[in-house]
Structures are given as C-alpha cells and as structure tokens.
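Letters A, B, ... are given to chains in the order of the sequence lines, protein chains preceding strands, and every chain is numbered from 1.
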Amino acid sequence: MTTTPAPPKPAPGPGTIASESALHLPVIAWFEAHARDLPWRRPEAGPWGVMVSEFMLQQTPVNRVLPVYEEWLARWPRPADLAAEPPGEAVRAWGRLGYPRRALRLHAAATAITERHGGVVPDDHAELLALPGVGEYTAAAVASFAYGRRHAVLDTNVRRVLARAVTGVQYPPNATTAAERRLAQELLPGEEAVAARWAAASMELGALVCTARTPVCGRCPIADRCAWRAAGSPEHDGPPRRGQTYAGTDRQVRGKLLAVLREAVAPVPQEALDAVWDEPVQRARALDGLVADGLVEPLEDGTYRLPLT
DNA sequence: TACACGTGGTA
DNA sequence: TTACCAAGTGT
C-alpha cells in the first residue's frame, strides 16, 4: 500500500504555544499596574528619546541613566541637533555612564539618521540594525517601544524571565542562544500591539521582580506557573558566569584618562595624562587605544582633547 | 565563540 | 571586602 506523505506540519505560528496566554495576560496586567514612570516611556519622548535611552541603558542601570538622559534630551531634542555638534561633546555629556564608545556610536547614529533618514529615527528593524551601536536588541527595542512593531525583544531581563518561567533554570546561558531566540519568537503574541506590550512587560518583570540575585516571587504574577519554582528553584549548575575583573586593567586606565579629558575645557598636555597612572607601558597602550577608538584626538603640539571630528 | 569595553551600587 | 550585577555591541 502506498503511504501518503504526511502534510508538512504547519509551522507553529503565533499563539500556538499553550502557555502563551497563561504568561502574557498576567504579566501584561501586572505591567499595567506596576510599570515605572520612566521618561523614555512617556509619549513626549518620541522615537529619538527611546533610542537615546536604549543606548544609555546598554549595561548601565536605570537610576544612573535618568539624569543624563534628561540633560541629553533637553540639549539635543532631535537627532540633527546632536549630529550638528562634535562627537567629543557627546563623549563629554556622557559623563560617567561608562563605556563611552556608546556616546560616539550614538553621535554617529544621529549623523546617519540625519543624512540617510531625513532626521527621523527609522521604524524598520533592518534599517535600525544598520546604524552604529545598534545591535539585535536595540533594533528590536526601538521598533517595539517607539513604533509598536512586533519584535522579540530579548535583553538580559527577558532572557532571565524565560529561563525561569519556561525553561525552568535559574539563569540563562552566558551568550544568547538560537534556542532562546526561537522561544522568544514562539512566545511573541500575534497581535502587534499586544506583542509590544508583552515586550515591555516581560522586561519590566525581569527588572523589578524576577531579578538576578533575589527574585521576589511573592510579587510575581506568574509564580504559580513558573517552571523553575515548580522544579524547586534549583541552583544554577553549569559553568560559572563570567566575572568582570576591572582593577588594574586597561579599561580602568582608559577610564581615568578619559575622565581628565572630559573635565578639561582646553587641550590637555601629556603630563596631565601621565599623572593618572604610574605604569608607562600600560598608560601608553590605553591612550593609544582611546585614540584608535576615536575617543581622543592627539594634536600636533603633543596635547590631547576630545574629538572635534 | 570569547573577549574587550566603564562605572558604581549592592550583598 | 570581594564579587556580582546592570535594557549590549563590535570584533
């Protein structure tokens, strides 16, 4: 007898995962009641405000971003306003948020938006991704938060929520895996507006309740269906999560050098930079790195300043 | 894939 | 006090 080939299994579309509504509805309802009133979530922030906040929030906590964000938006309310200034001004106004290359990239993104997109932050994921400093996460976040588009927004908070609630482990892997992307995509609500809400809500849940160190399961809207809790909240067993040493590294030296240049109103002589670190080889390497990254501009007379171009 | 890249708060 | 952690990106 002939066997009829089984029809291709329909790809699991949105809404096919049984747990979807069981997760989405309570998390979104919780979000409506408990979301923080952050300035970049207000309507007046606009797409540019969302983009600025996303750059600043890359690896920097909300509380430290808040005052700098307000300064930036007041000073540069549109991408073209930032693009009109030297990149060094962005680095200076970045202050002590850390990872100052982000300031450079945000300035470059503002320039690209001004030149290629008519000064309007693009709403298309691929166009966002093409901008300097915009990776997979930031492109999805801007498209979703600023334009209500349907994208899986997979940041460290969402990854942790999914690891616990769905996968049943304490922590996600060190690096984002294809399995995590697949899961986030499968869990994405089919309706655009609901998807955008879910993205913000699941992220906020990870930030406020399902935290890394001490999750507050007593306040979690999905604690009763959390796979990790159901498994007895087992401790993370895999390889230790990468620590970030800092003291004595080039990063620390770069930070000290750049701090001098941020505070200076005039070009800084070599001796002023030499004073921040006594080991000359490492100091020179760090300064070279800053110049190579475009964060520092060496002048003909041997002085240094934040970049004018 | 693994590492470099800042800074400061928290337990 | 040390170590972890914070809305990642680029190479």
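A donor and an acceptor atom never sit less than 3.5 Å apart when one is taken from the side chain of A:R213 and the other from the base of C:dC5. Put simply, the side chain of A:T60 and the base of B:dG6 share a donor and an acceptor less than 3.5 Å apart.
Ion pairing between A:R150 and A:E191 fails under the 4.0 Å rule for side-chain N and carboxylate O. We find that A:R197 and A:E192 are not joined by a salt bridge, their nearest charged nitrogen and carboxylate oxygen being 4.0 Å or further apart. With respect to the salt-bridge test (charged N to carboxylate O, under 4.0 angstrom), the residues A:R116 and A:E127 do not qualify. Ionic pairing of A:R92 and A:E263 is not present here: no N-O contact between side-chain nitrogen and carboxylate oxygen is shorter than 4.0 angstrom.
A donor and an acceptor atom, one from each side chain of A:Y69 and A:R64, are nowhere located under 3.5 Å apart. Between the side chains of A:Y137 and A:E54, a donor-acceptor pair is found at a separation under 3.5 Å.
Between A:V134 and A:W40, the residue anchored nearer the 5' end of DNA chain C, judged by the nucleotide with its closest heavy atom, is A:W40. Each of A:P61 and A:A175 was assigned the nucleotide of DNA chain B with the nearest heavy atom; the assignment lying further toward the 5' end belongs to A:A175. Place A:T214 and A:L290 on DNA chain B by their nearest nucleotides, and A:L290 ends up nearer the 5' end. Both A:G133 and A:L38 lie near DNA chain C, and the one whose nearest nucleotide falls closer to the 5' end is A:L38.
Distance A:R102 CZ to C:dA6 P: 15 Å, rounded to the nearest Å. One interatomic measurement links the two molecules: CE of A:M56 to P of B:dG8, which rounds to 15 Å at whole-angstrom precision. Put simply, CG on A:N63 is 19 Å from P on B:dT7, counting in whole angstrom units. In this structure, A:L106 places its CG atom 13 Å from P of C:dT9, rounding to the nearest Å. Per the geometry, CG belonging to A:L57 stands 18 Å off P belonging to B:dG6, to the nearest Å. In this structure, CZ of A:R262 is placed 9 Å from C1' of B:dT7, rounded to the nearest angstrom. If you take CD of A:E204 and C1' of C:dA6, they are 14 Å apart, rounded to a whole angstrom. Across the protein-nucleic acid pair, A:L257 atom CG and B:dC5 atom P stand 12 Å apart, rounded to whole Å.
For the P atom pair drawn from B:dA4 and C:dA7, the interatomic distance equals 22 Å after rounding to whole Å. B:dC3 and C:dC4 are spaced 15 Å apart, taking the P atom of each and rounding to whole Å. Using atom C1' as the reference point in both B:dT7 and C:dT11, the two lie 23 Å apart (nearest Å). Separating the C1' atom of B:dT1 from that of C:dG10 is a span of 13 Å, rounded to the nearest Å.
By the 30° and 60° cut-offs, the orientation of the rings of A:W72 relative to A:W76 is perpendicular.
In this structure, A:Q58 does not reach the C:dA7 phosphate: none of its side-chain N or O atoms is under 4.0 Å from OP1 or OP2. In this structure, A:R254 reaches the B:dG6 phosphate: one of its side-chain N or O atoms is under 4.0 Å from OP1 or OP2. Proximity of A:R64 to the phosphate of C:dA6: no side-chain N or O atom is located under 4.0 Å from OP1 or OP2. Close to C:dG10, at under 4.0 Å from its OP1 or OP2, lies no side-chain N or O of A:Y99.
Nearest nucleotide to the A:A212 side chain, out of C:dC5, C:dA7, B:dC5: C:dC5. Considering only side-chain atoms of A:Y246, the nucleotide from C:dG10, B:dG6, C:dA7 that sits closest is B:dG6.
At a threshold of 4.0 angstrom between heavy atoms, the contacts of A:G98 include nucleobase atoms, whether or not backbone atoms are also involved. Backbone-only engagement by A:R160 is indicated by non-hydrogen atom pairs under 4.0 Å involving sugar-phosphate atoms exclusively. A:Q252 comes within contact range of no nucleotide atom at all, as no heavy-atom separation falls under 4.0 Å. In this structure, A:L97 reaches the bases: a heavy-atom distance under 4.0 Å links it to at least one base atom across the strands shown. Using a 4.0 Å heavy-atom criterion, one finds that A:A141 contacts no nucleic acid atom at all. Within the 4.0 angstrom heavy-atom criterion, base atoms lie near A:R101. Using a 4.0 Å heavy-atom criterion, one finds that A:T211 contacts no nucleic acid atom at all.
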